[in-house]
Amino acid sequence: MIRIKTARQLAGIRESCRLLGSVLETLENSVTTGITTAGLDAIARQEIKALGGKPSFLGYQGFPGALCTSVNEEVIHGIPGDRVLQRGDVISIDCGVVYDGYYSDSAVTVPVGTVSPEVEKLLQITQEALERGIQAACRGNRVNDVSRAIYQVISEHGYGVVRPYCGHGVGLAIHEDPQIPNYVGRGPNPRLKSGMVIAVEPMVNLGGDDIEVLDDEWTVVTADNTVSAHFEHTLAILGDHTEVLTRRRSESLHSSAEVSA
Ligand code: MG
Ligand code: MG
């Protein structure tokens with residue numbers, strides 16, 4: 001069931017997203033050689049608490065972190081721990097916040113120092129796939145329009161598309177309907193309506209599509225061990241435009257992607 005949010009609910013979700021954007025900005029700035037993924041998780045817990053929210057991932061289906069921290073070949077759901085970031089790594093930081101009962105979800109892949117040109121390009125293209133998805137996510141379009149826009153960018157560059165995991169409705173719970181795949185599948189293809197809140201999140205591999213789950217039963221890695229990137233925003237579909245609720249000040253150069261229906 002797709003939940004159409006009231007104006008009051010949208011206001012609450014907007015606040016949750018603003019808090020999350022600020023936390024992610026702090027985390028982005030904290031990524032440096034020598035820090036552990038657990039160190040980033042500790043910063044997230046502290047920041048979220050200080051801002052009056054709670055980490056929504058912590059304890060969700062038993063997940064032990066406030067963040068998913070996925071390094072290099074790790075795609076998503078990496079568990080924060082003692083892995084030390086090295087120059088040339090990339091780390092995907094996925095964070096969810098619940099604030100006053102309202103849920104937000106956003107992710108960013110951050111280079112640790114200078115990364116190889118091919119990895120740099122992977123990050124750029126994955127971000128571009130997210131922005132194209134956002135542009136297609138306007139009232140009156142359907143889920144497949146968003147999926148197609150994302151998939152087109154990824155496939156144009158010959159990258160692998162992660163299919164078993166996808167974007168989703170969000171706002172009143174951590175995951176809601178509808179699913180937003182990063183390719184055009186045969187699943188439900190509802191029309192986007194004013195008041196829907198969705199998380200759009202391309203996961204893109206430098207190599208092939210295939211992924212595996214590690215023995216920790218959480219960490220998703222690329223089957224061919226190539227680097228993977230993940231960018232995510234929570235957005236609200238409104239009557240006359242789509243609002244990117246988790247946009248960070250540091251990426252204001254992308255704000256032209258906000259669209260009119
Ligand atoms: Mg997320
Ligand atoms: Mg998500």
Side-chain angles (χ1 to χ4, degrees), residues 2-3 5 13-14 16-28 31 37 40-41 44-45 47-48 53-71 74-80 90-99 102-110 123 126-127 129-131 133-134 137 143 146-147 150 161-183 187 192 196-204 211 213 218-220 228-237 242 244-248 251:
I2 296 174
R3 299 160 95 170
K5 277 71 177 181
I13 297 165
R14 188 176 283 117
S16 177
C17 287
R18 199 195 309 269
L19 192 164
L20 174 55
S22 147
V23 171
L24 272 180
E25 206 159 60
T26 302
L27 290 168
E28 252 185 307
V31 168
T37 52
L40 291 171
D41 191 70
R45 290 181 195 221
E47 279 284 300
I48 294 169
K54 284 184 183 162
S56 62
F57 296 174
L58 185 60
Y60 178 71
Q61 294 179 357
F63 189 76
L67 299 178
C68 296
T69 52
S70 308
V71 181
E74 297 172 352
V75 181
I76 50 169
H77 301 170
I79 300 172
V90 292
I91 178 169
S92 301
I93 302 172
D94 192 353
C95 188
V97 161
V98 56
Y99 178 76
Y102 297 107
Y103 289 80
S104 50
D105 193 356
S106 185
V108 59
T109 301
V110 186
L123 302 194
T126 307
Q127 213 168 358
L130 171 58
E131 295 303 330
I134 291 168
V143 162
V146 180
S147 301
I150 293 169
V161 181
V162 177
R163 293 165 188 258
Y165 300 91
C166 60
H168 50 90
V170 66
L172 305 180
I174 195 164
H175 289 131
E176 300 175 22
D177 288 336
Q179 294 200 338
I180 317 282
N182 295 311
Y183 67 100
L192 300 176
M196 284 174 64
V197 176
I198 56 174
V200 176
E201 48 178 320
M203 303 153 208
V204 182
I211 49 107
V213 179
W218 280 108
T219 312
V220 176
S228 189
H230 180 209
F231 287 85
E232 175 180 27
H233 273 308
T234 295
L235 21 140
I237 315 296
T242 291
V244 183
L245 301 174
T246 47
R247 185 76 76 194
R248 301 178 300 284
E251 43 154 11

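Counting starts at 1 for both ligands and their atoms, in listed order. All figures in this text were calculated on a predicted structure; none of them were measured in a lab.
- In summary, of the residues considered (Ile93, Val97, Thr246, Leu67), a side-chain contact (heavy atoms from CB on, under 4.5 Å) with Leu24 occurs for Ile93 alone.
- At least one N, O or S atom of Asp105, from either the backbone or the side chain, sits less than 2.8 Å from the Mg ion (ligand 2).
- Distances from the Mg ion (ligand 2) to the N/O/S atoms of Glu232 are shortest for OE2.
- Among the atoms of His175, no N, O or S atom is found under 2.8 Å from the Mg ion (ligand 2).
- At distances below 3.5 Å, not a single donor-acceptor pair connects side-chain atoms of Glu25 with backbone N or O atoms of Ser22.
- Distances from the Mg ion (ligand 1) to the N/O/S atoms of Asp94 are shortest for OD1.
- Sparse packing is recorded around CD of Gln179, with 12 or fewer heavy atoms of other residues, nucleotides or ligands lying under 6.0 Å away.
- Side-chain contact check for Ser104 and Ser16: at least one donor-acceptor pair (N or O, by modelled atom type) lies under 3.5 Å.
- His175 and Tyr60 share a donor-acceptor pair across their side chains, judged by distance under 3.5 Å alone.
- The Mg ion (ligand 2) lies at the vertex of an angle of 90° between the OE2 atom of Glu201 and the NE2 atom of His168 (rounded to 10°).
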